[in-house]
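This report concerns only the one structure given below.
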Amino acid sequence: MLRTFVSGEGEIPSSGLVSDYLAELHFRISHLSGGAVASYIPELAKADPKLCGIAIATIDGKTYSAGDADVEFTIQSVSKPFVYGYALERHGREAILQRVGVEPTGEAFNSIVLDEVHNRPFNPMVNAGAIAIAETIKGATPTERAQNMLTLFSRLAGRRLSIDEQVYRSELETGHRNRAIAYMMLNSGMIRRAPEDILDVYFRQCAVRVTARDLAVMAATLANDGVNPLSGERVIATEYVSDILTVMNTCGMYNYAGQWSYDVGIPAKSGVAGSILAVIPGQLGIAVFSPPIDQHGNSVRGVAACKEIAQDFRLNIFRSHVSTSTVIRRELYGDIIHSKRARNPLERRLLSETGRRICIIEVQGPLFFGSAERLIRRIGDVQSTTSHVILDFRRVPSADEAASQLLARLAGAFNETGRKLLISHLAHQPALATLHEAMEQALPEQIFEHRDAALEWCENAVIAEAGIQFDATRFSLSELHIFKSLARDDLRLLEALARPMIFEAGDRIIRTGDPARLFFVIARGTVTVELADAVQATHQNLRIASMGPGLSFGEMALLDGGTRSADVVANERVVCYGFSVDAIHELGRTHPHVLTTIYANMMRDFSERLRRANDEIRALEQ
Ligand code: DON
């Protein structure tokens, strides 16, 4: 049962929740008796059995602790998985597998058993395997090897570590069992260098001084795919992290590994100085330090604390937390949801009648095989009723290799059918780089920075297919919604007022705050309506609409005659007609019905836009 761990009255301090939990847990387990401080290395026997520290580090670098989490002790066997990772990175998987196997022994950490069939130690977590692995530490001299080993651990902890000379010397003088193992391995060719040389660096590696907090950070480095969450430095290559975790899971707790996995379900490693390090991939690292150890060499209080944490926080890795069911946030269709491109009435009607052929899928959460497969299956279902599918990846934090490959295959299949798959929001996200690359190869023309641009592209395609493109070169004023239903004579009067104007790309046709004296009708080119958005940190303008030939802008000036409320910028060379607001009002004095008709047309347009906006809001709120 998860106990209550809210601290005090009033506001809940966000980090206090976890710290208070650890404080309560520490209180309970620090009173546990049982076990004894390791004494086979005489210097270790001096440890204070009452010491007890717990630390947790998250993959974004937050650490929590309780008790003696900052007391230094020697890392001992907890060093083994990290030197194993170092060896894998230096020599590759195959070469290291030839030297050391990955089979649990079911025996004690210091057992003198070797895999005679394959002529190698059973695994890198028992002493024999760890000694064979220590042979791979680079350096021409003992000092160089010790230095390289210490650099590795300092990078893992995110601070400069040192070696406990007393513990090192103590084990050097008394570690005859390890010496025996090393000589046996030399005898059968499992190691090549002089045993004393290898043991020297192995004993030093075991004597690195760390705290529970350091071990939690090292565990979080494994949880974080090899990147130290404090320093941001990659210390272990991604491809070997799962190898390390696998051997930790099967062999990390020695002849207790099976029961540990059954009870706790978290890859872990223990050391005889009394520490346990546990890794919850993608979440956090846990470390507990308390010197009394049991008959397996595992800290008694460490085992108890890890069991409770795993149970209370549901951290068993075999109780998978990932769900594929939420990969689709929602689906939207082009008959209801429109791009910011303003359309003429004909186009608007066409889009509300046939826009359902455009489907937008908002994807969310990390993409991996399971979630990508589910997404692809849904795309397959909507395909029969759509010609365009837009995948909006704005809410996707990461996509692994498997998901990237599946989606690239999907893109290829789309290309063959003639249907269009469009992608948005993939750029500038490092965790989506592989997917971005795969998609760019498959769909070079269909990757958009923003969803709106992708939607506009689809709408244009649907409109072009229907053959109702507005002929920008020859249109009469009667085709404009604002002048709709006016008699030919009235239109002639208006034609006489039209002033042809040309703007070049980037020209600001209308500026926010300027007096509103003209309204415009576009004959050629497109413009963008932007809100000057000083609030945004980027100081970028917010695009609210774009419009092309046959559409008018700035007509609000006819109503209020005040100042401009937005900027309008030419996207390319724009040919348009400007109508003076004063001249139209003047015309209204002699021909009042002209002004009334224009107002009625504007009102109709506004109410239609409002209705469409309401429909969109309704669809977006679902
Ligand atoms: O090799 C040894 O005996 C020690 N230096 C390390 C053993 C160890 O920590 C075993 N783990 N529980």
Side-chain angles (χ1 to χ4, degrees), residues 35-47 73-84 100 104-114 121-135 137 146 149 153 163-185 191 195-196 198-210 212 215 218 247-248 250-257 259-260 267-278 287-303 306:
V37 172
S39 56
Y40 76 97
I41 301 172
E43 197 61 29
L44 289 187
K46 296 180 184 166
F73 53 89
T74 54
I75 189 168
Q76 298 300 336
S77 286
V78 177
S79 61
K80 292 170 181 172
F82 298 103
V83 182
Y84 180 54
V100 180
T105 58
E107 305 273 348
F109 66 88
N110 56 1
S111 63
I112 309 188
V113 287
L114 296 166
F122 276 100
N123 68 65
M125 300 295 113
V126 289
N127 289 3
I131 292 167
I133 289 296
E135 190 182 9
I137 296 173
M149 177 276 296
F153 284 103
I163 291 170
D164 186 322
E165 289 296 327
Q166 266 109 10
V167 173
Y168 156 67
R169 296 225 159 269
S170 183
E171 191 166 12
L172 190 66
E173 282 157 18
T174 59
H176 304 309
R177 198 178 167 95
N178 281 333
R179 217 160 254 126
I181 293 173
Y183 276 96
M184 277 184 63
M185 289 200 292
I191 55 172
E196 290 304 335
I198 302 171
L199 287 169
D200 185 77
V201 73
Y202 172 71
F203 290 149
R204 284 181 196 272
Q205 154 195 336
C206 291
V208 171
R209 293 165 69 93
V210 288
L215 289 190
M218 291 183 184
V247 288
M248 280 171 69
T250 51
C251 317
M253 301 298 275
Y254 307 112
N255 41 346
Y256 181 59
Q259 189 71 42
W260 169 270
K269 186 71 205 81
S270 62
V272 283
S275 65
I276 296 182
L277 166 153
V288 187
F289 161 62
S290 192
I293 56 173
D294 60 19
Q295 74 275 24
H296 307 292
N298 302 326
S299 165
V300 171
R301 294 182 191 130
V303 169
C306 288

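Treat the numbers as computed from the prediction; the structure is a model and nothing was measured. First listed ligand is number 1; within each ligand, the first listed atom is number 1.
Around ligand 1 you find Y40, Q76, S77, F109, N127, E171, N178, Y202, C206, Y254, S270, G271, V272, G297, each with a heavy-atom distance below 4.0 Å.
Using the six-membered ring where Trp is involved, F109 and Y40 have ring planes that are tilted, between 30° and 60° apart. The aromatic rings of F73 and F289 lie parallel to each other, their planes meeting at an angle below 30°, with 60° marking the opposite boundary.
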I'd like to know whether L277 forms a side-chain contact (heavy atoms from CB on, under 4.5 Å) with F82, so could you lay out the CA-CA distance, the side-chain angles of the two residues, the decisive distance to 0.1 Å, and finally the verdict. CA-CA 12 Å; L277 166 153; F82 298 103; 3.8 Å; yes
List the steps and the verdict of side-chain contact (heavy atoms from CB on, under 4.5 Å) for K269 and M125. CA-CA 8 Å; K269 186 71 205 81; M125 300 295 113; 3.5 Å; yes
Test side-chain contact (heavy atoms from CB on, under 4.5 Å) on K80 and I131 and set out the steps. CA-CA 9 Å; K80 292 170 181 172; I131 292 167; over 6 Å; no
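For the residue pair Y254 and S77, a side-chain donor N or O sits within less than 3.5 Å of a side-chain acceptor on the partner.
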